[in-house]
Each structure stands twice: as structure tokens, then as C-alpha cells.
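Reckoned from all heavy atoms, side chains included, excluding hydrogens, waters and symmetry mates.
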Amino acid sequence: MLFALLCKDKPDHLSVRMEARPAHVEHLNKLNAEGVLKMAGPFLDGEGKPCGSLVIIHADTIEAAKALADSDPYTRAGLFESVEIKPFNWVFNNPEA
């Protein structure tokens, strides 16, 4: 099953994001190699600066999706104000459909 991780950065935490980014990218590369990561990228504010993340992952359960979200270096660095996890049905432009 696919899950969307909707992550909102804490205000004024761009420096935290940038410091944790190398570890975050390494983490996502590992998930990608394992076939878990389907897509990911940042949300942007009005100035074009990252202010959150959208991550689509494959997991067997919502609990497994939460564990993956909790293991992200951004989460461990305290970047996110909130992380919402929702089951996701990728209908259009899904390369695996």
C-alpha cells in the first residue's frame, strides 16, 4: 500500500533542514534502492524556499509507514512541526500501473 507523508516544517527552521539534508538524501536514496520510496520533494513557500515535504512510500501498514517517517533524519533533527500520514492511491501517471 502507498502512503503519503505530508510534512510541515517548523517556522524559521530552514537552517535545520539544510544541516540535515545530506543525511536525509542518503536515507531517501536507501529507501529508493529498496523499492520503498516512490517519490519525494519539498513544498516551497512564497519565496521559493523549502517549507515542508511530500514523500510517497510503499509500506504494508500505517504503523510501518509511521516507523519510516520517524526514521527520517529530518524528523530526528526536529525539523517538522507536523507529519500527517495518509493512505494514497496513485491513479494518474503512476509508472507502475
Side-chain angles (χ1 to χ4, degrees):
M1 172 176 262
L2 296 179
F3 292 91
L5 311 179
L6 303 160
C7 310
K8 181 179 178 183
D9 291 5
K10 292 176 183 173
D12 302 317
H13 273 62
L14 183 57
S15 62
V16 173
R17 173 178 279 273
M18 299 317 291
E19 289 170 17
R21 188 174 188 282
H24 169 73
V25 170
E26 181 179 329
H27 174 74
L28 292 183
N29 281 330
K30 179 179 178 288
L31 294 180
N32 191 48
E34 295 169 354
V36 172
L37 179 67
K38 300 304 174 187
M39 64 172 284
F43 292 114
L44 304 176
D45 65 15
E47 297 175 358
K49 295 179 182 172
C51 62
S53 299
L54 170 63
V55 180
I56 307 292
I57 58 169
H58 179 270
D60 292 333
T61 64
I62 197 161
E63 293 82 11
K66 180 166 180 6
L68 284 170
D70 290 345
S71 71
D72 189 301
Y74 279 170
T75 302
R76 292 193 327 257
L79 173 62
F80 298 131
E81 179 176 276
S82 64
V83 176
E84 189 175 0
I85 302 172
K86 294 184 167 212
F88 181 73
N89 183 18
W90 192 351
V91 176
F92 290 96
N93 299 320
N94 181 343
E96 296 177 7

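To the nearest 0.5 Å, atom CD of residue E81 and atom SG of residue C7 are 12.0 Å apart. Atom-to-atom distance recorded for I56:CD1 and F88:CZ is 4.5 Å, nearest 0.5 angstrom. Here the CG-CD distance, from L14 to E19, works out to 10.0 Å after rounding to the nearest 0.5 Å. Separation of atoms CZ (F3) and OG1 (T61) is listed at 6.5 Å; rounding is to 0.5 Å.
Using cut-offs of 30° and 60° for the angle between ring planes, the H24 and Y74 rings count as parallel.
In this structure A77 satisfies the side chain to side chain contact (heavy atoms under 4.5 Å, CB included) test together with V16, A20, sequence neighbours excluded.
Salt bridge status for K30 with E26: absent, with no side-chain N to carboxylate O gap under 4.0 Å.
Of all the heavy atoms in C51 and R17, the pair that sits closest is C-NH2, 4.4 Å. Among all heavy-atom pairs drawn from D70 and R76, the shortest one is O-CG, 3.6 Å. Considering every non-hydrogen atom in both H13 and L79, the closest pair reads O-CD1, 3.5 Å. Heavy-atom minimum distance, L5 versus A65: CD2-O, 4.4 Å. Of all non-hydrogen atoms in G78 and K10, the two that sit nearest each other are O-NZ, 3.1 Å. When all heavy atoms of A40 and L28 are compared, the pair lying nearest together is CB-CD1, 4.0 Å.
Residue pairs that meet the salt bridge (charged side-chain N to carboxylate O under 4.0 Å, His left out) test with at least one member in residues 87-97, sequence neighbours left out, are K38-E96.
M39 and V25 sit in two unconnected hydrophobic clusters of ILVMFWY residues. Membership requires side-chain heavy atoms under 4.5 Å apart, directly or through other members. L37 and I62 fall within a single hydrophobic cluster, where Ile, Leu, Val, Met, Phe, Trp and Tyr side chains are chained together by heavy-atom contacts under 4.5 Å. Under a hydrophobic-cluster definition in which Ile, Leu, Val, Met, Phe, Trp and Tyr are linked whenever side-chain heavy atoms come within less than 4.5 Å, directly or via other members, I57 and F43 are assigned to different clusters.
Side-chain atoms of H58 come within 3.5 Å of backbone N or O of M1 as a donor-acceptor pair. At least one donor-acceptor pair closer than 3.5 Å links the side chain of T75 to the backbone N or O of A69.
Inter-residue side-chain proximity for F80 and D9 is flagged as met; some heavy-atom pair is nearer than 4.5 Å.
L6 pairs in a side chain to side chain contact (heavy atoms under 4.5 Å, CB included) with only one of the listed residues (V55, L54, I85, V83), which is L54.
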